2 protein chains.
Amino acid sequence: MNDVNDTPRRRSDATRDAILTAARERFAADGYERATIRAIAKDAQIDPSMVMRYYGNKEGLFAAAVSVDLGLPEPASLPRDDIGRALVARFLDLWEENEVLTALLRVGATNQAGAERMQGIFREQVMPVAVRVCPDPEQAPARAALAATQLLGLALTRYVLRLPPTVALAREEILAWLAPTIQRYLTAPSP
Amino acid sequence: MNDVNDTPRRRSDATRDAILTAARERFAADGYERATIRAIAKDAQIDPSMVMRYYGNKEGLFAAAVSVDLGLPEPASLPRDDIGRALVARFLDLWEENEVLTALLRVGATNQAGAERMQGIFREQVMPVAVRVCPDPEQAPARAALAATQLLGLALTRYVLRLPPTVALAREEILAWLAPTIQRYLTAPSP
DNA sequence: ATCCTAGGCCAACGCATGTTGGCCAACAAG
DNA sequence: CTTGTTGGCCAACATGCGTTGGCCTAGGAT
């Protein structure tokens, strides 16, 4: 079959990418149920049946459209007191550089599969960082969970609900207020 | 028409309440789109058409089902340094005493009308408290917004996404970690 | 006893959705 | 040039949705 080791370039790759891009936009804007395959297909300027051909069904499309690499900083690479600020900064960049995370959060709020995918990301990408930065690794899950409440809460109110006073906050304000919170959740002694 | 001043008891009030209760459960569990009128009617053990008769349409049903009074504590009634803890405690109680807030958050994440309703609650019930507790009332919106990110983030991860490490947190742990955060957002000098 | 109203159900409509299978054109290999 | 494969579209399907209108029945008022 495909003896070629490198990714075998298919002639339809352009279409496939167009579908994924349109899907991300729609999922981010409308959530899972209201992002219809027909609308996604129209955005990608192809027939709805092509979506099925390439991704099987709607769930498969979502799985293919939303793949996240948080690219969190390596804790060892910076001063221990700066980890809070570095994480907040990284999260702000992540949410603004593309719509994948907004799509994931919107879908996760309504869809079981979406929620489970977020749990997976937390487990495999957030937890390892927490383990390496927490004073007592046994407390890592709780501390990582606390940090997640603050960071996801920011994303929720700013990028999903678009609560006006949260949208109005400047990047520097957010950094200045939230960095100490995250720093404390991860490194301060238990209260 | 209704010259009677007190609420005119209709014979159908039991049914109406059953519909609202079922609606809250379904909206909380499934979000707006997947909470179907048919399913709600089945839960309430009546015909779907009754829902339309009493609430006009699905949007009207949602509006009737979620009406929230946060019942936030009056800042003047307690020591200034305890306001953070009091607010966190009140929020935990609110989210656990019924499903209205979960429904509202799930719907707000996907539905424009739901998001606007949350903005209304923030404006009319959260802001007034912030104005009375903030050192500089001009900063009240930003500070209230920050508190909202933390509290809604907790609700999101604990009651909607059900991130296991967040669900595992004990009430006392949450209070001990989050109270200082809220206290700082509302009353500490700007960083 | 007789109206009349309100509570309730049934059956159906129109529509949008996810999904399927068949058909056609363009490209690649022989 | 022929042949097989791939990319693509069209038309349709079954289903479930919100919503509507008509009909029946039981209370309450007179």
Side-chain angles (χ1 to χ4, degrees), chain A residues 1-4 7-23 25-27 29-66 103 106-107 110-114, chain B residues 1-4 6-23 26-27 29-66 103 106-107 110-114:
Chain A
M1 324 209 113
N2 267 330
D3 305 15
V4 221
T7 54
R9 278 290 165 215
R10 303 193 229 48
R11 189 158 38 101
S12 59
D13 277 355
T15 304
R16 295 175 125 96
D17 284 358
I19 293 175
L20 288 188
T21 302
E25 283 176 15
R26 286 283 177 175
F27 282 132
D30 298 336
Y32 189 80
E33 333 288 331
R34 305 198 359 199
T36 71
I37 290 191
R38 283 172 153 91
I40 293 169
K42 178 172 281 186
D43 285 1
Q45 298 185 351
I46 46 93
D47 190 88
S49 63
M50 304 305 299
V51 178
M52 311 301 296
R53 220 215 260 294
Y54 293 147
Y55 299 103
N57 54 26
K58 191 176 181 178
E59 215 173 312
L61 171 63
F62 177 74
V66 185
R106 270 228 164 83
V107 172
T110 326
N111 192 276
Q112 183 59 26
Chain B
M1 319 212 106
N2 268 329
D3 304 14
V4 222
D6 216 350
T7 53
R9 280 289 166 216
R10 302 194 227 50
R11 188 158 39 102
S12 58
D13 278 353
T15 304
R16 296 176 124 96
D17 285 357
I19 293 175
L20 289 187
T21 302
R26 286 284 176 173
F27 282 131
D30 298 336
Y32 190 80
E33 333 288 332
R34 305 200 355 201
T36 71
I37 291 192
R38 282 169 153 94
I40 292 169
K42 178 172 280 187
D43 285 1
Q45 298 185 352
I46 44 95
D47 189 88
S49 62
M50 304 304 302
V51 179
M52 311 301 295
R53 223 219 259 295
Y54 293 145
Y55 299 102
N57 53 28
K58 191 176 182 179
E59 215 172 313
L61 171 63
F62 177 74
V66 284
R106 270 227 164 84
V107 172
T110 326
N111 191 275
Q112 183 59 28

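Being a predicted model, the structure only gives us computed values, none of them experimental. Protein chains get the first letters and strands the later ones, always in sequence-line order, with residue 1 at the start of each.
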Exercise for review: Supply the atom-to-atom distance R10(B) CZ to T15(B) OG1, rounded to the nearest 0.5 angstrom.
Suggested key: 11.0 Å

Point to revise | Note, R16(B) side chain near D13(B) side chain (heavy atom, < 4.5 Å) | key: yes

Review point. Starting at CZ of R26(B) and ending at P of dC17(D), how long is that distance when rounded to a whole Å?
Key: 10 Å

Practice item. Give one of base, sugar-phosphate or nothing for Y55(B), where a contact means two heavy atoms less than 4.0 Å apart. Key: nothing

Review point. Could you state the interatomic distance from NZ (K58(B)) to CD (E33(B)), rounded to the nearest 0.5 Å?
Key: 6.0 Å

Study note, to complete from the structure: Ranking E59(B) and R38(A) by the position along DNA chain D of their nearest nucleotide, the one closer to 5' is R38(A)

**Study point:** Atom-to-atom span, CZ of R34(A) to P of dG18(D) - whole angstrom
**Key:** 13 Å

Check your understanding: Should V66(A) and V107(A) be marked as a side-chain contact (heavy atoms from CB on, under 4.5 Å) after you check the CA-CA gap, both sets of side-chain angles, and the distance that decides it?
Key -> CA-CA 10 Å; V66(A) 185; V107(A) 172; over 6 Å; no

**Study point:** Atom pair CD1/CE of I37(B) and M52(B) - distance to nearest 0.5 Å
**Key:** 5.0 Å

**Study point:** 5'-most by nearest nucleotide on DNA chain D - R11(B) or A39(B)
**Key:** A39(B)

Check your understanding: How long is the line joining CG of N57(B) and C1' of dT20(D), in whole Å?
Key -> 13 Å

Check your understanding: Given that S49(A) and T36(A) both sit by DNA chain C, which one's nearest nucleotide is further toward the 5' end?
Key -> T36(A)

Check your understanding: What is the distance, rounded to the nearest whole Å, between atom CD1 of I37(B) and atom C1' of dG18(D)?
Key -> 6 Å

Exercise for review: Evaluate the side-chain contact (heavy atoms from CB on, under 4.5 Å) criterion for residues E59(B) and Y32(B): first the C-alpha distance (whole Å), next the side-chain angles of each, then the deciding distance (0.1 Å), finally the verdict.
Suggested key: CA-CA 9 Å; E59(B) 215 172 313; Y32(B) 190 80; 4.0 Å; yes

Exercise for review: To the nearest Å, give me how far apart CD (E33(A)) and P (dG16(D)) are.
Suggested key: 15 Å

Review point. When rounded to the nearest 0.5 angstrom, what is the spacing between CD1 in I40(A) and CZ in F27(A)?
Key: 4.5 Å

Review point. What is the 5' to 3' range of DNA chain C, first to last nucleotide, that sits under 4.0 Å from any heavy atom of chain A?
Key: dT17(C) to dG21(C)

Point to revise | Interatomic distance where NZ belongs to K42(B) and P belongs to dC17(D) [whole Å] | key: 10 Å

Practice item. May I ask you to say what T15(B) touches in the nucleic acid, namely base, sugar-phosphate or nothing, with a heavy-atom cut-off under 4.0 Å? Key: sugar-phosphate

Review point. Whole-Å distance between dG18(D) P and N111(B) CG?
Key: 13 Å

Practice item. Write down the distance between CG (D30(B)) and P (dC17(D)), rounded to a whole number of angstrom. Key: 11 Å

